[in-house]
There are 2 protein chains.
Amino acid sequence: MFRLSDIIEEFIKELMRGTGADTLEIQRNELAEHFNCAPSQINYVLSTRFSIDKGYYIESRRGGGGYIRIQKLEIARKPYLSHLIFEHIGDSLTQMDALRVLKNLEEKNIISSRERAIMEAAVNDKSINVFSPPKDAVRANIMKSMLSTLIRE
Amino acid sequence: MFRLSDIIEEFIKELMRGTGADTLEIQRNELAEHFNCAPSQINYVLSTRFSIDKGYYIESRRGGGGYIRIQKLEIARKPYLSHLIFEHIGDSLTQMDALRVLKNLEEKNIISSRERAIMEAAVNDKSINVFSPPKDAVRANIMKSMLSTLIRE
DNA sequence: CTCTTTGACTTTCTTTGACTATTAATATTA
DNA sequence: TAATATTAATAGTCAAAGAAAGTCAAAGAG
């Protein structure tokens with residue numbers, strides 16, 4: 001069950017927890033060499049796990065002394081939930097993206113692990129056994145609906 | 001006489017008894033190779049013998065590093081939830097009935113009010129905007145799936 | 001007829017690599 | 001010396017290949 005992308009994700013998160021700071025600077029090639037992978041795999045990890053919607057902001061610079069700066073956004077609960085509901089999710093949401101969003105919500109202590117499990121179950125492909133409106137559309141609805149209960153309170 | 005599906009079923013159950021843990025991760029292709037059968041036969045076994053109604057919860061992931069995770073629901077520990085999942089809900093659940101069930105669960109302190117709100121949102125008619133499988137069938141699925149997370153923990 | 005087995009085809013993630021773009025450092029020229 | 005060109009050092013993009021799992025319908029067995 002060796003998934004390098006997950007390992008790199010954890011490595012970065014662990015590094016951030018370690019320094020205590022909310023920003024981390026890495027060098028793409030160095031990191032790639034550390035994990036013995038193609039440099040572009042780092043981009044893959046960043047775009048799938050450290051996007052704005054997961055609560056991270058990324059800046060980078062090319063050329064000599066270049067870097068990638070990963071910043072963990074400290075957004076308040078409601079604005080973050082609003083962003084998810086009104087901007088990110090839209091009318092289609094894949095299962096993978098849903099799972100990643102939920103993982104981050106738990107990491108940000110916006111939901112408990114029980115709540116995460118409940119929501120994961122609700123947006124799971126196996127639960128949403130539909131044809132006519134595509135699964136991703138139904139999932140988007142359910143997800144937005146669930147998240148909005150958290151804003152209401 | 002030799003029903004391969006039964007043998008695979010037993011093999012998986014034996015594996016779970018062996019490890020003592022309530023979850024087991026397998027790789028579909030590996031298992032298929034072990035039994036010299038088509039990979040899709042594993043799906044057949046899982047869907048006929050390891051569904052939620054049979055007391056198991058399944059998660060899976062495709063792509064590199066993919067897996068199938070089978071978790072046994074320890075129903076004895078949660079009789080009320082089990083009753084709901086295995087007897088009450090069945091394969092169709094109206095919105096009214098879902099709301100009643102959730103209200104009851106909160107009154108019995110099995111779920112928090114937040115959890116109730118989340119689940120209500122998930123099984124709401126507005127979230128489940130489907131035609132082809134009737135809403136009540138999809139709702140039953142989602143509901144059982146969510147409730148089974150409470151047994152799993 | 002029902003349940004099981006098989007296999008071709010599909011879908012979803014991940015990994016890799018060739019090619020491109022940008023920036024900083026350095027060398028060259030006016 | 002100031003301006004400009006060149007080179008080296010980074011990071012970015014995109015599509016193809018790889019690695020799983022899922023679906024569905026037809027064939028087979030009881």
Side-chain angles (χ1 to χ4, degrees), chain A residues 1-12 24-51 54 57-71 92-101 103 123-132 134-137 139, chain B residues 1-12 24-51 54 57-70 132-133 141:
Chain A
M1 247 96 316
F2 192 44
R3 216 162 323 121
L4 191 50
S5 289
D6 286 350
I7 294 173
I8 295 174
E9 174 189 0
E10 271 318 303
F11 182 82
I12 291 172
L24 176 71
E25 257 178 38
I26 59 167
Q27 301 228 223
R28 192 183 72 149
N29 291 341
E30 191 184 277
L31 196 56
E33 202 160 327
H34 182 266
F35 286 106
N36 232 300
C37 66
S40 55
Q41 179 144 21
I42 306 300
N43 297 82
Y44 177 71
V45 172
L46 293 177
S47 65
T48 54
R49 286 124 160 114
F50 292 89
S51 59
K54 311 297 179 312
Y57 179 74
I58 294 198
E59 283 177 305
S60 65
R61 233 191 151 79
R62 308 184 188 189
Y67 59 83
I68 297 177
R69 181 180 301 145
I70 306 167
Q71 184 167 6
S92 181
L93 181 69
T94 67
Q95 178 176 247
M96 252 293 125
D97 199 16
L99 294 183
R100 289 189 181 130
V101 164
K103 179 180 184 194
V123 298
N124 193 289
D125 257 12
K126 288 198 175 52
S127 308
I128 306 173
N129 60 331
V130 303
F131 300 97
S132 76
K135 284 184 183 193
D136 289 352
R139 182 172 11 248
Chain B
M1 219 61 298
F2 250 111
R3 235 171 9 250
L4 188 51
S5 288
D6 289 345
I7 295 172
I8 295 174
E9 175 187 0
E10 263 322 299
F11 182 83
I12 291 173
L24 176 70
E25 255 178 39
I26 60 167
Q27 301 231 210
R28 192 184 72 150
N29 290 341
E30 195 182 272
L31 195 57
E33 203 160 326
H34 183 267
F35 287 105
N36 233 300
C37 65
S40 55
Q41 179 141 23
I42 306 300
N43 296 84
Y44 178 72
V45 172
L46 293 177
S47 64
T48 55
R49 283 116 159 126
F50 293 88
S51 61
K54 296 277 159 58
Y57 186 84
I58 294 195
E59 286 176 300
S60 64
R61 246 178 107 152
R62 307 188 188 186
Y67 60 81
I68 297 177
R69 181 180 300 144
I70 306 167
S132 80
N141 257 307

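Side chains are part of it too, since the values below use all heavy atoms of this structure and drop only hydrogens, waters and symmetry mates. To find a chain, count down the sequence lines: A is the first, B the second, and so on, and within it residues start at 1.
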Mind listing the closest non-hydrogen atom pair of [X] and [Y] along with its distance?
X	Y	value
A:Gly66	A:Gln27	O-NE2, 2.9 Å
B:Ile68	B:Arg28	CD1-CB, 3.8 Å
A:Ile42	A:Ile8	CD1-CD1, 4.2 Å

Whole-Å gap separating [atom2] ([N]) and [atom1] ([X]):
X	N	atom1	atom2	result
A:Asp125	C:dT12	CG	P	8 Å
B:Asn43	D:dA25	CG	C1'	15 Å
B:Glu30	D:dA20	CD	P	9 Å
A:Leu46	C:dT15	CG	C1'	15 Å
B:Tyr44	D:dA27	OH	C1'	14 Å
A:Asp6	C:dT12	CG	C1'	15 Å
B:Glu59	D:dA21	CD	P	14 Å
A:Leu4	D:dA19	CG	C1'	14 Å

What I'd like to find out is whether the side chain of B:Leu4 reaches to under 4.5 Å of the side chain of B:Cys37, using heavy atoms alone.
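In short, these two side chains touch, coming nearer than 4.5 Å.
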
Salt-bridge present (A:Arg100, A:Asp97; N to O < 4.0 Å):
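Salt bridge flag = no for A:Asp97 with A:Arg100.
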
Less than 4.0 Å between a side-chain N and a carboxylate O, is that true for A:Lys103 and A:Glu9?
yes

[X] side-chain N/O to [Y] backbone N/O, donor-acceptor pair under 3.5 Å:
X	Y	result
A:Gln95	A:Asp125	yes
B:Ser51	B:Thr48	no
A:Arg3	B:Gly65	yes

Which part of the nucleic acid, if any, lies within contact of A:Asn29, taking any heavy atom under 4.0 Å across all strands shown: a base, the sugar-phosphate backbone alone, or nothing?
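Result for A:Asn29 = sugar-phosphate.
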
Using a 4.0 Å heavy-atom cut-off, does A:Arg100 contact any base of the nucleic acid, only the sugar-phosphate backbone, or nothing at all?
sugar-phosphate

Taking 4.0 Å as the cut-off, does a side-chain nitrogen or oxygen of A:Ser60 come that near to OP1 or OP2 on D:dT10?
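Result: no.
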
OP1 or OP2 of D:dA20 less than 4.0 angstrom from a side-chain nitrogen or oxygen of B:Gln27, does that happen here?
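Result: yes.
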
Can you identify which nucleotide, out of [options], has its nearest atom closest to the [X] side chain?
X	options	result
A:Phe131	D:dC24, D:dG22, C:dT14	D:dC24
B:Arg3	C:dT5, C:dC13, D:dA21	C:dT5
A:Arg49	C:dC13, C:dT14, C:dT15	C:dT14

Members of residues 35-42 of chain A that approach DNA chain D, where some heavy atom sits under 4.0 Å away
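Listed by number, they are A:Ser40.
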
Scoring nucleotides 20-26 of chain C by protein non-hydrogen atoms under 4.0 Å (B base, S sugar-phosphate only, - none) yields -BBBS--

Contacts of A:Asn129 meeting side-chain contact (heavy atoms from CB on, under 4.5 Å) (sequence neighbours excluded), chain-then-number -> B:Val138, B:Asn141

